[in-house]
Amino acid sequence: MTELLRNPEKLAKARTELEEVVGKNEHFEAAVAIVKETFRLHPAAPFLVPHKADTDVEIDSFVVPKNAQILVNVWATGRDSNVWLDPGSFMQERFSDSENDFRGRDFELIPFGAGRGICPGLPLAYRVCILWSILHSFNWRLENGMKRKDVDMTEKFGLTLQKAIPLRAIPTV
Ligand code: HEM
């Protein structure tokens, strides 16, 4: 929500796309792209959950020793310029015609983890996020007098990622 209020042209684009296709199956696509882009920049679990190596494992000639605790930095992957064009910008259109998904198949984007430990709540969380994105994203504005550039995007890292300064927004309908 914060990203869309800071990027009104992206909000307008998504709204136009949604309005154009309401009534068709595609009306989810804009919302899906927004949710993916949000998870890319702001993964709810920035290091997934701690994993542990059962045995020595060699990956690209790098040895992960048995019993090592593994933190997967998906926050950094989401902002890696070797992977993403202009990674710091919120651009949902990067997912518009993209096969890239967050169900654990595409390692560029694994906000729910991957493999056997993947989040079992993914189907529910995914639907709730899409629904929220469709229903609530569009009729809000930043609180009085606040400029887009003044929105504080500082993040608070923990097991989960939070906004350090909560968004303050005003509904317009
Ligand atoms: C935006 C919503 C959510 C995100 C981003 C998320 C993310 C994650 C991540 C990253 C993991 C660890 C996966 C790994 O390390 O490989 C995880 C595990 C888990 N999640 Fe979620 N989750 C979400 C919602 C939910 C919901 C709604 C439920 C339950 C209804 C749920 C239940 C679980 C459980 C039980 C595990 C532990 C699985 C295991 O270790 O075997 N999550 N989740």
Side-chain angles (χ1 to χ4, degrees), residues 1-7 10-11 14 18 27-60 62-80 82-84 87-96 98-140 151-169 171:
M1 188 166 174
T2 310
E3 288 289 9
L4 289 174
L5 288 173
R6 286 169 78 226
N7 295 280
K10 304 294 176 192
L11 183 56
L18 275 176
H27 77 283
F28 281 107
E29 278 173 21
V32 171
I34 287 172
V35 170
K36 285 180 180 172
E37 182 66 339
T38 302
F39 277 136
R40 181 185 70 81
L41 276 173
H42 312 289
F47 295 103
L48 301 182
V49 298
H51 289 248
K52 193 170 150 189
D54 279 342
T55 57
D56 288 352
V57 185
E58 191 177 325
I59 302 173
D60 276 350
F62 180 83
V63 176
V64 181
K66 182 178 175 180
N67 291 331
Q69 190 177 62
I70 319 292
L71 298 173
V72 181
N73 191 345
V74 291
W75 186 91
T77 317
R79 289 158 189 261
D80 186 344
N82 292 320
V83 179
W84 307 99
S89 297
F90 188 91
M91 299 194 298
Q92 76 260 29
E93 57 269 33
R94 71 174 85 239
F95 290 110
S96 293
S98 155
E99 294 286 304
N100 208 318
D101 202 7
F102 53 51
R103 291 160 200 269
R105 194 192 55 196
D106 305 307
F107 293 132
E108 303 91 332
L109 190 70
I110 49 167
F112 293 93
R116 281 180 296 171
I118 195 168
C119 174
L122 192 160
L124 172 64
Y126 175 75
R127 281 171 178 78
V128 171
C129 291
I130 302 292
L131 195 61
W132 183 91
S133 165
I134 289 174
L135 293 181
H136 296 296
S137 293
F138 302 117
N139 300 314
W140 297 82
V151 177
D152 190 325
M153 294 301 283
T154 310
E155 294 176 313
K156 203 161 83 182
F157 284 83
L159 186 59
T160 58
L161 186 67
Q162 296 168 37
K163 245 181 128 306
I165 313 288
L167 170 68
R168 291 169 65 99

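Numbers here are sequence positions counted from 1. Counting starts at 1 for both ligands and their atoms, in listed order.
Under the 4.0 angstrom criterion for non-hydrogen atoms, R116 is not in contact with ligand 1. Ligand 1 has F39 within reach: a non-hydrogen atom of the residue lies less than 4.0 Å from it.
Aromatic ring pairs are classed by plane angle as parallel below 30°, tilted from 30° to 60° and perpendicular above 60°; the pair F112 and F39 is perpendicular. F102 and Y126 have perpendicular rings, their planes meeting at more than 60° on a 0 to 90° scale where under 30° would count as parallel.
Across D106 and D101, no two heavy atoms sit closer than the pair OD2-N, 2.7 Å.
The nearest heavy-atom contact from the protein to atom 30 (C) of ligand 1 is L124 CD2, 3.9 Å. Scanning all protein heavy atoms for the shortest distance to atom 6 (C) of ligand 1 gives F112 CD2, 3.5 Å. Counting protein heavy atoms only, atom 36 (C) of ligand 1 is closest to P120 CD, 3.4 Å. Protein heavy atom closest to atom 24 (C) of ligand 1, with residue, atom name and distance, is A125 CB, 3.7 Å. For atom 8 (C) of ligand 1, the nearest protein heavy atom (residue, atom name, distance) is C119 CB, 3.5 Å. When hydrogens are left out, the protein atom nearest atom 13 (C) of ligand 1 is G117 O, 3.3 Å; that is the closest non-hydrogen contact. In terms of protein heavy atoms, atom 14 (C) of ligand 1 is closest to H51 NE2, 3.3 Å. The protein atom (non-hydrogen) at minimum distance from atom 28 (C) of ligand 1 is G121 CA, 3.5 Å.
Tested against E3 for a side chain to side chain contact (heavy atoms under 4.5 Å, CB included), the candidates L167, T38, L41 yield a single pass: L41.
Within the 4.5 Å cutoff, side-chain heavy atoms of T55 are placed close to those of V57.
Listed by number with element, the atoms of ligand 1 under 4.0 Å from a non-hydrogen atom of V49 are 12 (C), 15 (O). For ligand 1 and G113, the ligand atoms under 4.0 Å from any heavy atom of the residue are 10 (C), 13 (C), 14 (C), 16 (O). Close contacts of ligand 1 with A44, meaning ligand atoms under 4.0 Å from a residue heavy atom, involve 5 (C).
In F157, the CZ atom is crowded: over 12 heavy atoms of neighbouring residues, nucleotides or ligands sit closer than 6.0 Å. More than 12 heavy atoms of other residues, nucleotides or ligands shown are found within 6.0 angstrom of CZ on R79. Remark: E99 CD is loosely packed, at most 12 non-hydrogen atoms of other residues, nucleotides or ligands lying under 6.0 Å away.
Taking the charged nitrogens against the carboxylate oxygens, E108 and R94 have no contact shorter than 4.0 Å, which rules out a salt bridge.
There is no protein heavy atom less than 4.0 angstrom from atom 41 (O) of ligand 1.
With a heavy-atom cut-off of 4.0 Å, P111 touches ligand 1 through its backbone alone.
Panel note: side chain D60, backbone F62; no donor-acceptor pair is recorded below 3.5 Å.
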